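To keep things clear, I will list the structure first and then write my remarks on it.
Keep in mind that this is a model prediction, so the values were computed, not measured. Residue numbers start from 1 in every chain, and the chains themselves are labelled A, B, ... in the order their sequence lines are given, proteins ahead of strands.
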Number of protein chains: 2
Amino acid sequence: MAKPQSSVRLQDVAEEAGVSIATASRSLSGTAGVSESVAERVREVAQRMGYVVNVHARSLAAGTSRSVGLVVHEIGDPYFAEIASGVLRVGTREGLTVQICHSGRDPDRELEQIRMLVANRVGAIIIAGSGFVDPALQAAAKRDLQAYRDQGGRVAVIGRHHLGVDAVLPENVKGGRAIADHLIGLGHRRIAVATGSTALTTIADRLAGVEEACAEAGISFADVPVVVAEFTREGGKLAAEEILRDHPDVTAVLSLNDDMAIGVLSVLRARGVAVPERMSVSGFDDVAVAGDLAPSLTTIRLPMVTMGELALELALKAPGNRPRRRSAGHELVVRDSTAPPPA
Amino acid sequence: MAKPQSSVRLQDVAEEAGVSIATASRSLSGTAGVSESVAERVREVAQRMGYVVNVHARSLAAGTSRSVGLVVHEIGDPYFAEIASGVLRVGTREGLTVQICHSGRDPDRELEQIRMLVANRVGAIIIAGSGFVDPALQAAAKRDLQAYRDQGGRVAVIGRHHLGVDAVLPENVKGGRAIADHLIGLGHRRIAVATGSTALTTIADRLAGVEEACAEAGISFADVPVVVAEFTREGGKLAAEEILRDHPDVTAVLSLNDDMAIGVLSVLRARGVAVPERMSVSGFDDVAVAGDLAPSLTTIRLPMVTMGELALELALKAPGNRPRRRSAGHELVVRDSTAPPPA
DNA sequence: TTGAAAGCGCTAACAA
DNA sequence: TTGTTAGCGCTTTCAA
């Protein structure tokens, strides 16, 4: 791609300003030890000549880089888009470039993207995609990240990973418990769960919370239909159809993310199943649109933007001896999609 | 940030493999002129030693870089998130790193981000945020981009800009006309428009389409209430309240993006105004959730993901003599939020 | 087919 | 406070 022909170099600026290249460098990078008058003049000349530092040259010489990498499953997914927004916010504030890559929920792709970021010598890597329940799937990534950290790279993850690094932990278990408690508290006993692949820790944890709540309420979890589909709107639709067909006595669908819940709502509406009168529906995440659906969605709010901000801040902080953990909190948001079961 | 201590260098690989650094370089970057047996051995050694090329060194030496920059208003906005998804898709396919930055609908911030990307010597820059009606606002950006292109950089924009570069053009005017035609065709005569700042070309164009349609239908555009607010859900709420208060005879709210329409729907629902029986509501963009709202939203579909893909493909193509334009198409999607006005 | 060596543009010792 | 200079790790002539 681009073959940046000779543009203005530091050399040229230095000559034009009548100073050495070192002085020019200091003036422009704001290093101390240059008289203000000279620095001022150099900056002026640079500006006039349209000088733009070559980040590659700088990074190579200085051995440091002002950039970070962010790995998400899919940036088009609002959950990750909001996390990215948080990361970008802090990044901009700190004058960092942010490289974003897709892993597509595929460990191999994830590894590939991590290698790419390492090759780019980013200063930090944030992994926002969910971890996998099976540690073996990310073993290679773990090795690479360890090597990266040994060389001074910073790493932070969002969610539960087996990567041994700083982490921002969404309260998936607590949230799962809270939303299940909410439904149970309303009087529901026949609850179905709509979920994505339980190979992901995010999902496994949410499900574990639900199971805990059921156990406490004396509901046998073995009898709770857990319908697995894509963790998307489309998956939610399929799950809803399966639930209506195979479990007609169910009075509440507990969906493990908002996206699936939206799909569930859509099918119920199409089938003329009244929400929440006949069927309650709940989500998880509280994506921006959740409050504006009809009926508005009862869900667990996860502070995605904040999680993104926290993750980058964590990564930027001097590394400690042991992995740090930041809990991101959660909040049960009760809206119109849940109510007591029909009498 | 990260101070990558001596990691494995090409040098080390070369020594270990017993070849010169030049041969090692050729073997790893797939340049012709190395016997396959040697190349194979070098690759093996590199793999074993965990060698990762230093992109900065490579870019500096080769004068080219495998990365592109994407400027959006805000990645948390689904419109831009979907565009980004398209860009990332093509980027990944082509083995390119993608840097994403926020401009926040602010020309100064946009300029700053462009400079950052230029400093990073990205091979291409995609500007996805809307242009401004006033060319002066982007004059500085235009200069910088021109210099960037003179040095071999590629640029493509999404939307109408005064930047003189390759562009993917959403059919904003046609779309505006189509959605207005739809409402007029249903029999609406008292239509209110909910919109963001008309300083943006995206919005100005959509509005122009609406005006055309009105003119053709013999509706005096001067009598059409055009309510300006933030181009967000929140802005939609404010606009809806103003419309209900000041223009009680209106039978349809034509919102210039889906986000505002969602806010409008939310207020109407809260006020007990029946949609579409008493009031029709339309959006623009067809973000993923539009079809799953209640009532589902009649809107203009813009192929955001495709637009992102097209933009990067356009930028990657060898530059022509004159700016190229790609129309991205649009589609009127009629759903449940629009109907004939009350009798 | 291979190797030697000259940079790419910049930073950071070290000297003055 | 300023300047000189040795690299940073790689690609790419040019010569062998």
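Going from atom CZ of B:Arg121 over to atom P of C:dC10 covers 7 Å, rounded to whole Å. Protein atom NE2 of A:His56 is 17 Å distant from nucleotide atom C1' of C:dG7, rounded to whole Å. Rounded to whole angstrom, the span from the CD1 atom of A:Ile21 across to the P atom of D:dG3 amounts to 12 Å. B:Gln151 places its CD atom 13 Å from the C1' atom of C:dG9, with the value rounded to the nearest Å. Between A:Arg9 atom CZ and C:dT11 atom P there is a gap of 14 Å when expressed in whole angstrom units. The nearest whole Å value for the distance from the CG atom in B:Leu10 to the P atom in C:dA5 is 17 Å. Atom-to-atom, CG of B:Leu60 to P of D:dG9 comes out at 12 Å; the value is rounded to the nearest Å.
Rounded to 10°, the helix from C:dT1-D:dA16 to C:dA16-D:dT1 has 30° between the axis fitted to its first five pairs and the one fitted to its last five.
Residue order along DNA chain D, read from the 5' end via each residue's closest nucleotide, puts A:Ser20 first among A:Ser20 and B:Arg58.
Here the nucleotide nearest the side chain of A:Thr23, chosen from D:dT2, D:dG9, C:dT2, is D:dT2. Relative to the side chain of A:Val19, the nucleotides D:dG3, D:dT11, C:dT11 differ in distance, and D:dG3 lies closest. Comparing D:dG9, C:dA12, C:dC10 against the side chain of A:Asn54 picks out C:dC10 as the nearest. Here the nucleotide nearest the side chain of B:Ala57, chosen from D:dG9, C:dG3, D:dT5, is D:dG9.
In A:Gln47, the CD atom is not crowded: 12 or fewer heavy atoms of neighbouring residues, nucleotides or ligands sit closer than 6.0 Å.
Qualifying side-chain hydrogen bond (donor to acceptor under 3.5 Å, both in side chains) partners for A:Glu110, counting only residues two or more places apart in sequence or in other chains: A:Gln138. For the side-chain hydrogen bond (donor to acceptor under 3.5 Å, both in side chains) test, residues two or more places apart in sequence or in another chain that qualify with A:Glu40 are A:Arg43. With sequence neighbours excluded, no residue satisfies side-chain hydrogen bond (donor to acceptor under 3.5 Å, both in side chains) with A:Asp77.
Listed by residue number, A:Arg26, A:Gly33, A:Val34, A:Ser35, A:Val38 are the residues of residues 24-46 of chain A with a heavy-atom contact under 4.0 Å to DNA chain D.
Between B:His56 and A:His56, the two ring planes are tilted [angle within 30° to 60°].
Side-chain contact of A:Ser85 with A:Arg89: a donor-acceptor pair under 3.5 Å is present, judged by distance alone.
The stretch residues 111-134 of chain A participates, sequence neighbours left out, in no ring-ring contact (aromatic ring centres under 6.0 Å, His included) pair at all.
Taking 4.0 Å as the cut-off between side-chain N and carboxylate O, A:Glu313 and A:Arg93 count as a salt-bridged pair.
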Output, in order, the C-alpha distance, side-chain angles, deciding distance and verdict of side chain to side chain contact (heavy atoms under 4.5 Å, CB included) for A:Val19 and A:Val38. CA-CA 8 Å; A:Val19 298; A:Val38 172; 4.0 Å; yes

